[in-house]
There are 2 protein chains.
Amino acid sequence: MPKVGVKSLRKLQLIDATLASIGEHGLQSTTIITISRIAGLSSGIISHYFGGKQGLIEATIMHLLEQLKVVLLERVSPKKLNAAERLNMIIEANFTSFQRSTPTIKTWLSFWAESMHDPKLKRLQNINSKRLYSNLLFSYRQLLAEDVAIMASQKTAAMIDGLWLRCALSSSPEEEFIKAEQLCKSFVDEQIKQYGDITCH
Amino acid sequence: MPKVGVKSLRKLQLIDATLASIGEHGLQSTTIITISRIAGLSSGIISHYFGGKQGLIEATIMHLLEQLKVVLLERVSPKKLNAAERLNMIIEANFTSFQRSTPTIKTWLSFWAESMHDPKLKRLQNINSKRLYSNLLFSYRQLLAEDVAIMASQKTAAMIDGLWLRCALSSSPEEEFIKAEQLCKSFVDEQIKQYGDITCH
DNA sequence: AAAAATTAATTGAACGTTCAATCAATAAAA
DNA sequence: TTTTATTGATTGAACGTTCAATTAATTTTT
């Protein structure tokens, strides 16, 4: 058999090239030619490893979702954190430089649009959306009463997504993202101070 | 000469058909054939009235933005409203049944993705985004101190967009939208009660 | 008032382009 | 030698645009 370990290397290589192509041309204008040229490979290789263009696009999106998951675990797992600190880590994970990068922004926005008529992508989107909510709720529960924790989680999830979206679409995302992360953290602090008085154990 | 006043009728007819086609097939799979079939007209007419497919897409998006503007004016202009009531109207305008409809949701999401590589659409997106913020700030200023009003406007804009987005992407948008609108209104109330004490005139 | 002329609206077939998929051929590793 | 990796030319379908021809409303002429 030929080179071992090439398979996973090529797959990652093509996923990176897909992100780069979407970053440069957008998903609409991303073709198997633009991707394979960036990857330094031939166009035929895409069908070989991903069954077709759509398979590579889906794999790229799954890579994005996986990345978000991994970044959060990296920040939460190693240290002993209290609930408030963990909430901060959730926010930071959603505002890493990876999440702020043009390729990621463009891919994420295209993913939302595509998920509207692709059941497979819709499913992935829902899992991701509910994970953010669940992570928030897990921490808020330790600080607030149950019903208040639920509402705080809903509001914070919307605040994270809403701020990220408005920054992503703004004319100067770099500066906006920095301010948004601060605003989001202060919002969470307020939630805790405002509602987390006597009721918590 | 042929029928007069047909021009604006046809234009609206084609824009409606475009929304319907995007609602059914998504923007990616929307062609001049799917649009013209829904409109009951020939494919050539699109280039005649809009210069081409892209022109019709842009006109459809502008129609969406215009709609949002008109709905808000309808709710704010006729009555004498105080600042808190006006904030409620802003929220309602962003959660009308039109904004909740599948064609609008799909078009809006595609618009965000497209605006990333189309300067014309990017400009429209920025105007719309800033209008929401300005409208909120105008009302918050009458209830809160300047610096607090600014932050409240930023948070509320993100809350509206974030809640709308999460509802749009959810597996059961109908129910979610109803809850989201309530949550958003209660968030605004809290903002006013929490910060609007002595400092306001 | 009837006929002719004018003008815009509308059609749909033809054309050229783009693109994803395919596959026969080649290279390279085991 | 066998198996896998990789290439890239080719194919055929899909799509947007164009434009000559047709239709129909309106004005002008007689």
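Side chains are part of it too, since the values below use all heavy atoms of this structure and drop only hydrogens, waters and symmetry mates. Numbered from 1 within each chain, the chains take letters A, B, ... in sequence-line order.
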Find the distance [X]:[atom1] to [N]:[atom2] and express it as a whole number of Å.
X     : N      : atom1 : atom2 : result
A/I45 : C/dA20 : CD1   : P     : 17 Å
B/L41 : C/dA8  : CG    : C1'   : 15 Å
A/Y49 : C/dA21 : OH    : P     : 18 Å
A/K7  : D/dT3  : NZ    : C1'   : 14 Å
B/K11 : C/dA9  : NZ    : P     : 11 Å
B/R10 : D/dA24 : CZ    : P     : 13 Å

Output a table of donor-acceptor pairs, distance under 3.5 Å, between side-chain atoms of residues 45-66 of chain B and any protein atom two or more places apart or on a different chain; print 'none' if there are none.
from  : atom 1 : to     : atom 2 : distance (Å)
B/K53 : NZ     : B/T30  : O      : 2.9
B/E58 : OE1    : B/K120 : NZ     : 3.2
B/T60 : OG1    : B/L56  : O      : 2.8

Tell me every residue that passes side-chain contact (heavy atoms from CB on, under 4.5 Å) with B/N126, counting only those two or more places apart in sequence or in another chain.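 For B/N126, the residues satisfying side-chain contact (heavy atoms from CB on, under 4.5 Å) (neighbours in sequence not counted) are A/S171, B/K122.
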side-chain contact (heavy atoms from CB on, under 4.5 Å) against A/R123, all qualifying residues, sequence neighbours excluded: A/I127
Which atom pairs, donor and acceptor, lie under 3.5 Å between side-chain atoms of residues 148-160 of chain B and protein residues at least two apart or in another chain?
from   : atom 1 : to     : atom 2 : distance (Å)
B/S153 : OG     : B/L137 : N      : 3.3
B/S153 : OG     : B/A149 : O      : 2.8
B/K155 : NZ     : A/E190 : OE1    : 3.0
B/K155 : NZ     : A/E190 : OE2    : 3.4
B/T156 : OG1    : B/Y140 : OH     : 2.8
B/T156 : OG1    : B/A152 : O      : 2.7

Residues at least two apart in sequence or cross-chain that pass side-chain hydrogen bond (donor to acceptor under 3.5 Å, both in side chains) with A/K130, listed by chain then number, are none
List in chain and number order the residues that pass side-chain hydrogen bond (donor to acceptor under 3.5 Å, both in side chains) with B/D161, two or more places apart in sequence or in another chain; answer none if no residue qualifies.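 So B/D161 forms a side-chain hydrogen bond (donor to acceptor under 3.5 Å, both in side chains) with A/R166.
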Just by distance, do the side chain of A/S29 and the backbone of A/G26 share a donor-acceptor pair under 3.5 Å? no
Heteroatom pairs (N/O) under 3.5 angstrom, protein to nucleotides 16-18 of chain D:
from   : atom 1 : to    : atom 2 : distance (Å)
D/dG16 : OP1    : B/K53 : NZ     : 2.7
D/dG16 : OP2    : B/I32 : N      : 3.1
D/dT17 : OP2    : B/K53 : N      : 2.9

Provide the full list of salt bridge (charged side-chain N to carboxylate O under 4.0 Å, His left out) pairs with a residue in residues 89-111 of chain A, sequence neighbours left out, each pair given once. A/R75-A/E92, A/E92-A/K185, A/R100-A/E181
Does a side-chain N or O of A/H48 approach OP1 or OP2 of D/dA5 to a distance below 4.0 Å, or not? yes
Looking at residues 12-26 of chain A, who's got a heavy atom less than 4.0 Å off DNA chain C? none
